[in-house]
Amino acid sequence: MSEAVIHGDTIYLAGQVGEGPDMTRQTQSMLAEVDRLLDATGSSKSHILSAQIWVADMALFNEMNAVWDAWIDPENPPARACGESKLATPDYLVEVIIVAAKI
């Protein structure tokens with residue numbers, strides 16, 4: 001599986017999860033990995049076109065959303081969807097799929 005695929009000027013990231021004991025830390029870790037991958041592929045969070053966020057329990061949505069809102073570029077917010085889903089392991093609380101434009 002590829003962590004990122006580039007087609008033309010569009011970057012597709014594989015689903016990214018974070019590490020940590022709670023939703024806040026997992027979301028912070030997950031978004032740090034998104035930053036790393038976007039930088040490595042010639043983009044940044046300011047060029048995200050869309051994000052699909054999956055949370056294991058919607059009761060944790062506000063905790064995840066607070067981290068997201070503090071991280072995202074307020075001048076260039078992407079289209080975003082968020083839903084509840086059973087993730088790959090019970091340890092994962094959040095996963096994001098990102099599509100971004102190259103700079």
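Note: hydrogens, waters and symmetry copies are ignored here, and every other heavy atom, side chains too, is used.
To the nearest 0.5 angstrom, Gln28 atom CD is 12.5 Å from Trp71 atom CH2. Atom CG of Asp57 and atom CG of Leu93 lie 8.5 Å apart (nearest 0.5 Å). Summarising the geometry, atom NE2 belonging to His47 is positioned 11.0 Å from atom CG belonging to Asp9; distances are rounded to the nearest 0.5 Å.
Nearest heavy-atom pair across Ile98 and Ala51 is CD1-CB, 3.7 Å. Pro77 and Glu75 get closest at one heavy-atom pair: CD-C, 3.5 Å. The heavy-atom pair separating Arg36 from Glu3 by the smallest distance is NH2-OE1, 3.4 Å. Heavy-atom minimum distance, Ser43 versus Ala101: OG-O, 2.5 Å.
Around the CZ atom of Arg80, the shell of radius 6.0 Å holds more than 12 heavy atoms that belong to other residues, nucleotides or ligands. Within a 6.0 Å sphere centred on CD of Glu19, heavy atoms belonging to other residues, nucleotides or ligands number 12 at most.
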Tell me, with the steps shown, if Val17 and Met30 meet side-chain contact (heavy atoms from CB on, under 4.5 Å).
CA-CA 5 Å; Val17 296; Met30 172 188 77; 5.7 Å; no
With side-chain contact (heavy atoms from CB on, under 4.5 Å) as the criterion, how do Thr10 and Val99 come out once you've worked through the C-alpha distance, each side chain's angles and the decisive distance to 0.1 Å?
CA-CA 7 Å; Thr10 306; Val99 177; 3.6 Å; yes
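At distances below 3.5 Å, at least one donor-acceptor pair connects side-chain atoms of Gln26 with backbone N or O atoms of Asp91. Judged by distance alone, the side chain of Gln16 and the main-chain N or O of Ala14 form a donor-acceptor pair under 3.5 Å.
With hydrophobic clusters built from ILVMFWY side chains whose heavy atoms lie under 4.5 angstrom apart, Ile48 shares a cluster with Ile6. Under the 4.5 Å side-chain contact rule for hydrophobic residues, Leu87 and Ile53 do not share a cluster. Note on Val34: it does not cluster hydrophobically with Val5, by side-chain heavy-atom contacts below 4.5 Å among ILVMFWY residues. Under the 4.5 Å side-chain heavy-atom criterion for Ile, Leu, Val, Met, Phe, Trp and Tyr, Tyr12 and Ile97 are members of distinct hydrophobic clusters. There is no path of hydrophobic side-chain contacts, each under 4.5 Å, that joins Tyr92 to Leu13.
Put simply, the side chain of Trp54 does not reach to within 4.5 Å of the side chain of Val94, judged on heavy atoms. Within the 4.5 Å cutoff, no side-chain heavy atoms of Cys82 are placed close to those of Gln52. You'll find the side chain of Asp35 reaches within 4.5 Å of the side chain of Lys45, heavy atoms only. For the pair Ser44/Ile103, a side-chain contact is recorded, criterion being any heavy-atom separation below 4.5 Å from C-beta on.
Side-chain polar atoms of Asn62 and Asn65 form no donor-acceptor pair below 3.5 angstrom.
By the 4.0 Å N-to-carboxylate-O rule, Glu63 lies too far from Arg25 to be salt-bridged with it.
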